[in-house]
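Keep in mind the model is a prediction, meaning the values are calculated, not measured.
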Amino acid sequence: MSPHRNGSLSVMPLQEFVLDGFQGGLQTQALLFALFLALYLVAVMGNLAMMVVITMDARLHSPMYFFLKNLSFLDLGYSSVIYPKTLTDLLSSPKVITLGGCATQFFFLSLLLTTEGFLLAVMAYDRFVAICSPLCYPITMRPLVCARLVLGCYCGGCLNSILQTSFTFSLPFCSSNHIDHFFCDVPPLLRLACADTTINELVMFGLCGLIIVGTILVIFISYGYITMTILRMRSGGGRHKLFSTCGSHMTAVSLLYGTVFVMYAQPGAVASMEQGKVVSVFYTLVIPMLNPLIYSLRNKDVKDALRRLGQRHTAT
C-alpha cells in the first residue's frame, strides 16, 4: 500500500483519532441514532433473556445450552464494545477516540468476534457427538470438557486479537487522524499508515482465512455426518426436530461467516468504506440482535423455558 497522500507525509505521534462515522446531516444522524438504539436495545434484551433463561431453567443445563449461553454473552459483548460509543458520537461532534481507546476497542472486538467463530465450530461438534454418538455423549461432552472447549475458544480469540492489534498499532500514522469508519477497525486504520502495510494485510488475510477455513471445515464435516445420520432415521418427528435445531445453528453460522468473509478474508471484497460500514453494521449489530430470535423461535425447549419463566414471574 502506498503512503498516505493528503498533502503532507509528516509522521507525528498521534494521541487521538476522529471517527468520521456516517455521511449525512443532522436528520440522517438522528435517524441512524434511533435505528441503532432500537436494534441495540433488542440485542441487549434478547441476549440477556437467553442467558437468564438458560441459567434459571434446570432443563436447559446441558452442553448445547451452555454453549448457547456463551454465544449470547459474546453477542452482547462485541455489540456493546461498539454501539454505546457510536450512539454517543451520532449526537456529538467531534467524534474523538483516544489512541489507547481505539486499540482497546479493536482488541476486544477482535477477541469476542474470533471467539464466536471458534464457538460456532464447537457447537457444531457438540451436535455431531449428540446425534451421531448419543451413547458416548454424556462422557465425551461432560462439563469439564465443555468448559475446556469454551476456554480454548477464548484462548484462540485472544491470540488472534493480540497479533492483529500489535501489528496494526505498531504502524506509524500520518498527520491525518480521521478514521473513515464508525469504530476502530483494521482496513480504515491501514489507510492512515505512512509505512508499507503489505505485511499487515497478509497477516490479516492469512489469520482470518485460516480461522474461517479451519472452523468452516469442522462445521461442514460435522453437519455432513449429522445429515447422513438424520436421513437414516425412520421417525419423521425426530428427524424434523433435529433438522430444526441444526437449522438454527446453520443460520447463525451463515450470517456471521458470510459477512466476516466479505469484510476481512479476501482483498478488495468491499468496494468502498461506505459499503464496508453497512456490512459492519450487519455483523456487529444485526446478527447479535437476530441470534436470540433464531434460537428461541426455532427451538421448542427455549420457548417452553421462556413460557415457564413467564408463568413463574406472573405467579409471584
Side-chain angles (χ1 to χ4, degrees), residues 19 21-22 29 31-55 67-92 95 97 101-120 123 150 153-154 157-158 160-161 164-165 179 181-189 208 211 248-249 251-264 270 275-297 302:
L19 296 168
F22 294 89
Q29 302 296 309
L31 181 62
L32 288 173
F33 175 85
L35 176 63
F36 288 171
L37 179 61
L39 293 176
Y40 179 63
L41 289 176
V42 172
V44 169
M45 290 187 293
N47 285 292
L48 282 177
M50 289 293 290
M51 293 166 66
V52 169
V53 167
I54 292 171
T55 301
F67 295 134
L68 184 55
K69 183 168 72 171
N70 279 275
L71 181 69
S72 292
F73 173 76
L74 292 169
D75 283 337
L76 178 63
Y78 71 74
S79 60
S80 297
V81 166
I82 295 173
Y83 284 92
K85 169 66 176 167
T86 299
L87 290 169
T88 303
D89 287 345
L90 286 168
L91 298 179
S92 64
K95 304 169 176 62
I97 185 169
C102 188
T104 302
Q105 184 187 62
F106 174 72
F107 175 84
F108 282 104
L109 174 64
S110 179
L111 165 64
L112 296 170
L113 197 58
T114 307
T115 302
E116 180 160 326
F118 286 126
L119 183 63
L120 288 172
M123 291 171 72
V150 171
C153 292
Y154 276 96
C158 188
N160 175 64
S161 185
Q164 296 275 15
T165 305
I179 298 176
H181 215 308
F182 63 97
F183 65 91
C184 292
D185 201 8
V186 173
L189 282 167
C208 290
I211 291 169
S248 300
H249 184 246
T251 303
V253 168
S254 302
L255 289 172
L256 180 67
Y257 279 86
T259 50
V260 170
F261 182 80
V262 168
M263 279 297 296
Y264 302 109
V270 177
Q275 184 181 348
K277 292 172 192 176
V278 174
V279 177
S280 296
V281 169
F282 191 80
Y283 79 81
T284 59
L285 184 58
V286 176
I287 289 177
M289 179 204 69
L290 288 177
N291 276 346
L293 299 176
I294 291 169
Y295 282 101
S296 61
L297 294 177
V302 174

Nearest 0.5 Å, please: how far is [atom2] in [Y] from [atom1] in [X]?
X: Phe22; Y: Leu31; atom1: CZ; atom2: CG; answer: 11.5 Å
X: Ser280; Y: Asp185; atom1: OG; atom2: CG; answer: 6.0 Å
X: Cys184; Y: Leu189; atom1: SG; atom2: CG; answer: 5.5 Å
X: Gln105; Y: Phe183; atom1: CD; atom2: CZ; answer: 7.5 Å
X: Thr88; Y: Phe33; atom1: OG1; atom2: CZ; answer: 8.0 Å
X: Ile54; Y: Phe67; atom1: CD1; atom2: CZ; answer: 12.0 Å

Expected output: side-chain [X] to main-chain [Y] donor-acceptor under 3.5 Å:
X: Ser79; Y: Leu76; value: yes
X: Tyr83; Y: Leu41; value: no
X: Asn47; Y: Pro288; value: yes

Parallel, tilted or perpendicular: which describes the rings of Phe73 and Tyr154, with under 30° parallel and over 60° perpendicular?
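Rings of Phe73 and Tyr154: tilted, as their planes differ by 30° to 60°.
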
Do [X] and [Y] have side-chain heavy atoms sitting under 4.5 Å apart?
X: Val278; Y: Phe282; answer: no
X: Leu90; Y: Phe182; answer: no
X: Leu71; Y: Glu116; answer: yes
X: Tyr283; Y: Leu113; answer: yes
X: His181; Y: Pro187; answer: no

To check you understand the geometry: which heavy-atom pair defines the closest contact between [X] and [Y], and what is its length?
X: Cys153; Y: Thr115; answer: O-OG1, 3.6 Å
X: Tyr78; Y: Asp75; answer: OH-OD1, 3.4 Å
X: Cys158; Y: Leu111; answer: N-CD1, 3.3 Å
X: Leu112; Y: Leu74; answer: CD2-CD2, 3.6 Å
X: Leu87; Y: Phe36; answer: CD2-CB, 3.7 Å
X: Gln29; Y: Lys95; answer: OE1-CE, 4.4 Å

So Met50 and Lys69, side-chain contact (heavy atoms from CB on, under 4.5 Å) or not? Walk me through it.
CA-CA 7 Å; Met50 289 293 290; Lys69 183 168 72 171; over 6 Å; no

Give the C-alpha distance, both sets of side-chain angles, the deciding distance and a yes or no for side-chain contact (heavy atoms from CB on, under 4.5 Å) between Asn291 and Ser72.
CA-CA 8 Å; Asn291 276 346; Ser72 292; over 6 Å; no

Can you list the steps and then say if Thr114 with Ser161 is a side-chain contact (heavy atoms from CB on, under 4.5 Å)?
CA-CA 8 Å; Thr114 307; Ser161 185; 6.0 Å; no

Given side-chain contact (heavy atoms from CB on, under 4.5 Å), test Leu255 with Ile294 step by step and report yes or no.
CA-CA 11 Å; Leu255 289 172; Ile294 291 169; 3.8 Å; yes

